[in-house]
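Below you'll find the structure, written out as structure tokens, and then a few comments.
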Amino acid sequence: MKNQELMEKAYNRIAEMKELVEQDYHRLKFHVMPPVGLLNDPNGLINIDGTYHLFYQFHPFNTTHGLKYWGHVESKDLINWRQLPIALAPSEWYEKNGCYSGSAINNEGIFTLLYTGNVKDLNGNRETYQCIAMSHDGVNFIKDINNPIMNNQPEGYTRHFRDPKVWKKDDTWYMVIGTQTTEEEGRVLLFKSLNLQQWNLVGEVTGTNINGVGEFGYMWECPDLFMLGGKDVLIACPQGVEPIDDLYNNRYQAGYFVGKLNYETGQLRHDEFIELDRGFEFYAPQTTLDEKGRRILIAWMGLPEEEDHPTVEYGWIHAMTIPRELMLVDDKIIQKPVEEMKQLRRNPVVYEELIVQDKELVLDNIKGDVLELEVEFENIDALEFGILLRCSEDRKEKTILSYNVDTNKVELNRNFSGKGYRGIRRCFVNRKKIIKFNIFVDTSSIEVFVNDGEEVFTSRIYPDKDSTGISFFAVNGCTIIKKLQKWNL
Ligand code: FRU
């Protein structure tokens with residue numbers, strides 16, 4: 001189908017479904033969402049001339065994965081996002097089954113996208129093409145006449161070969177791509193180019209069964225590679241990793257390696273894989289360096305093959321996480337909500353030095369469904385303490401965030417959260433005198449930053465709109481809330 005036709009079809013769908021989509025209480029208030037249909041990976045995150053651009057994998061016609069477009073939003077402050085016209089529609093032969101994930105660069109003033117063209121034949125056989133599109137106004141993107149700039153994969157890999165993330169070092173362009181070997185081992189490959197058109201394979205960055213990684217999945221998607229705190233960091237999304245206790249419990253993983261990249265061989269010598277998020281919905285994160293020199297990360301607040309969220313009744317599914325700023329401390333990534341999130345704070349409520357003992361503590365003016373909470377606990381002798389969020393009056397509905405003093409584990413329990421997927425996620429945190437939670441609650445999500453970003457738990461939850469209660473608890477003993485702050489957002 002022609003570009004124009006495909007675009008019109010998508011806009012018609014958006015218009016047709018608008019009324020239904022907007023009726024959904026679970027539409028989020030401060031997260032990027034699709035206007036209709038399905039959103040997945042963040043693509044092309046970039047800061048150009050003071051504006052942040054974020055693209056997203058977008059299937060307008062259904063809440064399942066299908067023909068992917070690139071949706072487009074922009075923002076001056078990472079908080080207020082404006083929908084722009086769709087950037088890419090799968091109009092050409094080399095992308096006829098979807099404009100898949102990729103990245104953006106500023107090539108001497110030319111806003112350039114690099115992405116994967118996905119082609120499947122009637123037997124489900126796949127072809128994969130790397131493509132370029134360019135824009136002079138940051139709104140309309142023209143596909144390069146030389147597309148595709150890369151046909152299929154190098155020898156030894158399968159056609160699961162996608163998601164280019166590109167950056168420049170000295171005068172050379174580099175690109176990482178996610179793939180699998182013909183032995184079904186996940187890999188990230190490094191390529192280089194002087195002109196963005198001809199790309200040469202440098203080597204394998206890392207992957208399953210190399211660089212000390214061991215068995216770690218049959219396919220790695222959505223790589224990102226950047227410098228942070230003087231080290232090279234590789235983000236990747238391995239598929240097919242078996243869960244080990246509290247680790248790797250989601251369907252697919254999203255995490256990172258810290259090390260040193262050899263630009264001659266492509267090899268990253270690195271430490272072990274660390275998950276970026278400990279909650280339920282978090283995948284395909286992408287980063288960019290902004291004009292303030294910050295490394296900003298946004299991820300898909302969803303997972304592949306998880307399409308039974310209650311919002312499908314209203315014709316849409318999934319959203320992005322809030323933007324986070326990354327820092328490297330002792331070779332571990334620390335994630336903080338970007339400073340700009342503070343602009344959303346309204347109606348502050350503050351409490352100090354509260355005793356929580358055995359029974360639940362409910363406080364005046366501490367409730368709501370779109371809010372931020374900052375809580376500092378200092379334990380006296382309780383075995384466990386925490387917070388109930390999004391509770392109904394009768395407490396049948398609640399989302400439980402807790403800290404277990406014995407195990408030093410933070411736990412997020414959404415078994416009673418309302419509709420939607422259930423489950424518990426746990427993560428070990430370093431023992432500290434004060435345990436701090438910075439929590440962002442939106443109508444159907446929760447993001448918890450533990451101990452100033454040492455760990456983060458991101459999850460969708462679907463409580464009733466009347467479940468707005470918040471309370472604090474301690475089990476078998478006493479805990480002090482040193483300070484508690486709440487803002488409506
Ligand atoms: C990750 C992913 C990417 C692909 C895109 C397609 O979620 O599978 O590897 O490019 O989604 O929408």
Side-chain angles (χ1 to χ4, degrees), residues 10 32 34 37-45 54-72 86-90 94-104 113-120 124 126-133 148 150 152-153 157-166 175-180 184 186-189 207 217-224 234-241 250-255 276-277 280-287 297-307 309 317-321 458:
V32 172
L38 175 141
L39 166 153
N40 58 303
D41 312 353
N43 295 154
L45 177 61
L54 171 66
F55 303 82
Y56 54 89
Q57 285 287 286
F58 178 32
H59 182 214
F61 308 113
N62 209 329
T63 53
T64 52
H65 291 269
L67 196 58
K68 296 289 168 68
Y69 290 59
W70 275 39
H72 186 189
I86 292 168
L88 301 175
Y94 51 76
E95 57 188 12
K96 77 174 181 55
N97 299 97
C99 298
Y100 273 15
S101 287
S103 52
L113 308 178
L114 291 106
Y115 64 99
T116 300
N118 181 46
V119 174
K120 273 186 198 160
R126 193 187 277 266
E127 286 173 17
T128 170
Y129 298 103
Q130 308 313 315
C131 313
I132 292 186
M150 219 190 263
N152 293 317
Q153 73 286 6
Y157 305 93
T158 78
R159 289 192 178 177
H160 285 282
F161 179 80
R162 55 180 176 262
D163 311 334
K165 178 80 192 323
V166 179
M175 172 199 279
V176 275
I177 285 216
T179 187
Q180 69 179 175
E184 298 195 357
R187 285 285 193 281
V188 173
L189 301 184
Y218 54 81
M219 166 68 194
W220 287 20
E221 304 186 302
C222 301
D224 192 352
L234 171 73
I235 287 180
C237 296
Q239 302 185 312
V241 177
N250 293 337
R251 182 181 295 280
Y252 299 132
Q253 314 313 317
L276 272 162
D277 198 278
F280 298 87
E281 280 85 20
F282 182 95
Y283 199 65
Q286 197 175 80
T287 74
L297 177 146
I298 294 178
W300 172 23
M301 193 158 58
L303 278 177
E305 295 156 54
E306 213 188 64
E307 281 136 53
H309 291 277
I317 188 169
H318 301 313
M320 296 296 174
T321 64
T458 299

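Start at 1 and go down the list; that is how both ligands and their atoms are numbered.
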**Request:** Would you please name every residue forming a ring-ring contact (aromatic ring centres under 6.0 Å, His included) with Y56, sequence neighbours left out?
**Result:** F58

**Item:** Main-chain N/O of F282 paired to D277 side chain as donor or acceptor, under 3.5 Å
**Value:** no

**Contacts of D224 that satisfy salt bridge (charged side-chain N to carboxylate O under 4.0 Å, His left out) - sequence neighbours left out** = K165

**Prompt:** Which atom names give the shortest non-hydrogen contact between L88 and C99, and what distance separates them?
**Reply:** CB-SG, 4.1 Å

**Fill in**
Under 4.0 Å from ligand 1, residues with heavy atoms, in chain and number order, are N40, D41, Q57, K68, Y100, S101, R162, D163, E221, C222, Y283, W300

**Fill in**
For N118, the side chain to side chain donor-acceptor pair (under 3.5 Å) test, sequence neighbours excluded, returns Y100, R126

**Request:** Sort out for me which residue in E306, E305, E221 forms a side-chain hydrogen bond (donor to acceptor under 3.5 Å, both in side chains) with Y252.
**Result:** E305

